[in-house]
2 protein chains.
Amino acid sequence: MDITKDNSAGIWAKKFYLASRAVVETTLRPYDLGSSQWYVLWHLVHDGPMAQRDLLRLLQVEKPTLSGIVRALVRKGIVDQMPDPEDQRQRILKLTPAGVRLWHNLPDPIALIRKDAFEGVDEEDIATVVRVLQSATARLQALANEGKKT
Amino acid sequence: MDITKDNSAGIWAKKFYLASRAVVETTLRPYDLGSSQWYVLWHLVHDGPMAQRDLLRLLQVEKPTLSGIVRALVRKGIVDQMPDPEDQRQRILKLTPAGVRLWHNLPDPIALIRKDAFEGVDEEDIATVVRVLQSATARLQALANEGKKT
DNA sequence: TTCCTTTAGTTCGGCACCTAACTAATATGG
DNA sequence: CCATATTAGTTAGGTGCCGAACTAAAGGAA
């Protein structure tokens, strides 16, 4: 009874996620940046300064998760976190000059994954992967929400 | 330019992994057990006591990762970790009586995911998901190994 | 205006991962 | 036989994720 047989799609989703995170983090390590830290920079570069709460929705993570990522970026001097004068609860996030300089030297880890993992793979197969995983995720999240309400 | 479009299979693999981990951990939380901790128990139940190094290969994680999981299980009184008399470097892992009792009350989180996420999904689609993710993972790991050697 | 609720963010503690650097013990080659 | 690998496991520190519980500020209702 091989347990991996029972949930092979789940097992491989996990393995792929961990492998791609490893590649991205290896790529970014020389710049002392984690994968989610990079993604925060990406948003700040492409959308300009924004409140932490807006980033929260873009990244789709919980508050303490983003709080930790931001703390690391502030510690490294890459991002400034200042209170919004309009609403003293909110914090505006903005790249520092050092952050802007860093960004210009950074490789694009998303392009790397796309190329090294999926280049040449049948488009329809990829569409199937997306469709199956998307629906499976929705089903699990529905289950989780149901459990919360009950 | 939506970044998610560029690597949608990767994005959904991640989302699915996180969602399934959340469901599993919610299921196991009443028993004060994490997902990987559960998987260690599963192996100890099905294969009997074994050295930590053998578990390492079964779980396919790095040494410090397993070390942390084992430490948590020992702290909770679920697993005993004793030196192998044959080889003083190795540690034999064995369920405690409390661990055995706990196991008998535990739900099966793998069955849960299989049912709630994939039940009714076309077998061929699942096969495609496995095939694509498996090959993508292999490509990334090959890349990682190459980088190590160079 | 005052009280109450909601919202934004942090802190704490926990899980699951990693690399780098370490100890202790066994195995091996000269 | 002894010096030198190699192997097993731990520790330290970092990333990314979570829920629970907290503070502070803003919004609303009586």
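We name chains A, B, ... by the order of the sequence lines, and we start the count at 1 in each one.
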Has [X] got a side-chain N or O lying under 4.0 Å from the OP1 or OP2 atom of [N]?
X       : N      : answer
B:Gln37 : C:dA16 : yes
A:Lys76 : D:dT15 : yes
B:Ser35 : C:dC15 : no
A:Thr65 : D:dC18 : yes
A:Arg75 : D:dT15 : yes

Q. For DNA chain C, what residues of residues 17-25 of chain B have any heavy atom nearer than 4.0 Å?
A.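 Hits under 4.0 Å, by residue number: B:Arg21, B:Glu25.
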
Close N or O pairs between protein and nucleotides 1-4 of chain C (under 3.5 Å):
none

Q: With the side chain counted from C-beta on, respond yes when B:Met50 and B:Leu55 share a heavy-atom pair under 4.5 Å apart, and no when they do not.
A: yes

Q) Do A:Asp125 and B:Val129 have side chains that get closer than 4.5 Å, going by heavy atoms? A) no

Q: Would you kindly say whether A:Lys63 and A:Gln52 are connected by a side-chain donor-acceptor distance under 3.5 Å?
A: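 Note: A:Lys63 and A:Gln52 side chains miss the donor-acceptor criterion.
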
Can you name the closest pair of heavy atoms from [X] and [Y] and give their distance?
X        : Y        : result
B:Tyr31  : B:Pro107 : CE1-CD, 3.5 Å
B:Val130 : A:Ser8   : CG2-OG, 3.7 Å
A:Ala117 : A:Phe16  : CB-CE1, 4.0 Å
B:Lys94  : B:Pro49  : CG-CG, 3.9 Å
A:Gly77  : A:Ala98  : O-CB, 3.9 Å
A:Lys115 : B:Arg139 : O-NH2, 3.5 Å

**Q.** Test log, rule side chain to side chain donor-acceptor pair (under 3.5 Å), inputs A:Lys76 and A:Gln37
**A.** CA-CA 11 Å; A:Lys76 294 173 185 176; A:Gln37 295 169 18; 2.8 Å; yes

Between [N] atom [atom2] and [X] atom [atom1], what is the distance in whole Å?
X       : N      : atom1 : atom2 : answer
A:Gln60 : D:dC17 : CD    : P     : 11 Å
A:Leu33 : D:dG16 : CG    : C1'   : 13 Å
B:Lys15 : D:dG16 : NZ    : P     : 17 Å
B:Asp32 : D:dA20 : CG    : P     : 14 Å
B:Arg29 : D:dC17 : CZ    : P     : 17 Å
B:Lys14 : C:dA16 : NZ    : C1'   : 14 Å
B:Glu62 : D:dT15 : CD    : P     : 19 Å
B:Tyr31 : C:dC15 : OH    : P     : 17 Å

Provide a list of protein-nucleic acid N or O atom pairs under 3.5 angstrom, restricted to nucleotides 9-13 of chain C.
unit_1	atom_1	unit_2	atom_2	d
C:dG9	OP1	A:Gln52	N	3.4
C:dG9	OP1	A:Arg91	N	2.7
C:dG9	OP1	A:Arg91	O	3.4
C:dG9	OP2	A:Arg53	N	2.6
C:dG9	N7	A:Lys63	NZ	2.8
C:dG9	O6	A:Lys63	NZ	2.9
C:dT10	OP1	A:Gln81	NE2	2.8
C:dT10	OP2	A:Gln52	NE2	2.8
C:dT10	OP2	A:Ser67	OG	2.7
C:dT10	O5'	A:Ser67	OG	3.4

Q) A:His46 vs A:Trp42 aromatic rings, parallel, tilted or perpendicular, using cut-offs 30° and 60°? A)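 Answer is parallel, since the angle falls under 30°.
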
Q: Could you check B:Arg57 against A:Ala72 and say which one's nearest nucleotide on DNA chain D is further toward the 5' end?
A: B:Arg57

Q) Can you tell which of B:Leu41, B:Ile78, B:Leu44 makes a side chain to side chain contact (heavy atoms under 4.5 Å, CB included) with B:Trp103? A) B:Leu41

Q. Which listed nucleotide (D:dT15, D:dC17, C:dC17) is nearest to the side chain of B:Ser36?
A.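 Taking heavy atoms from C-beta onward, the closest nucleotide is C:dC17.
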
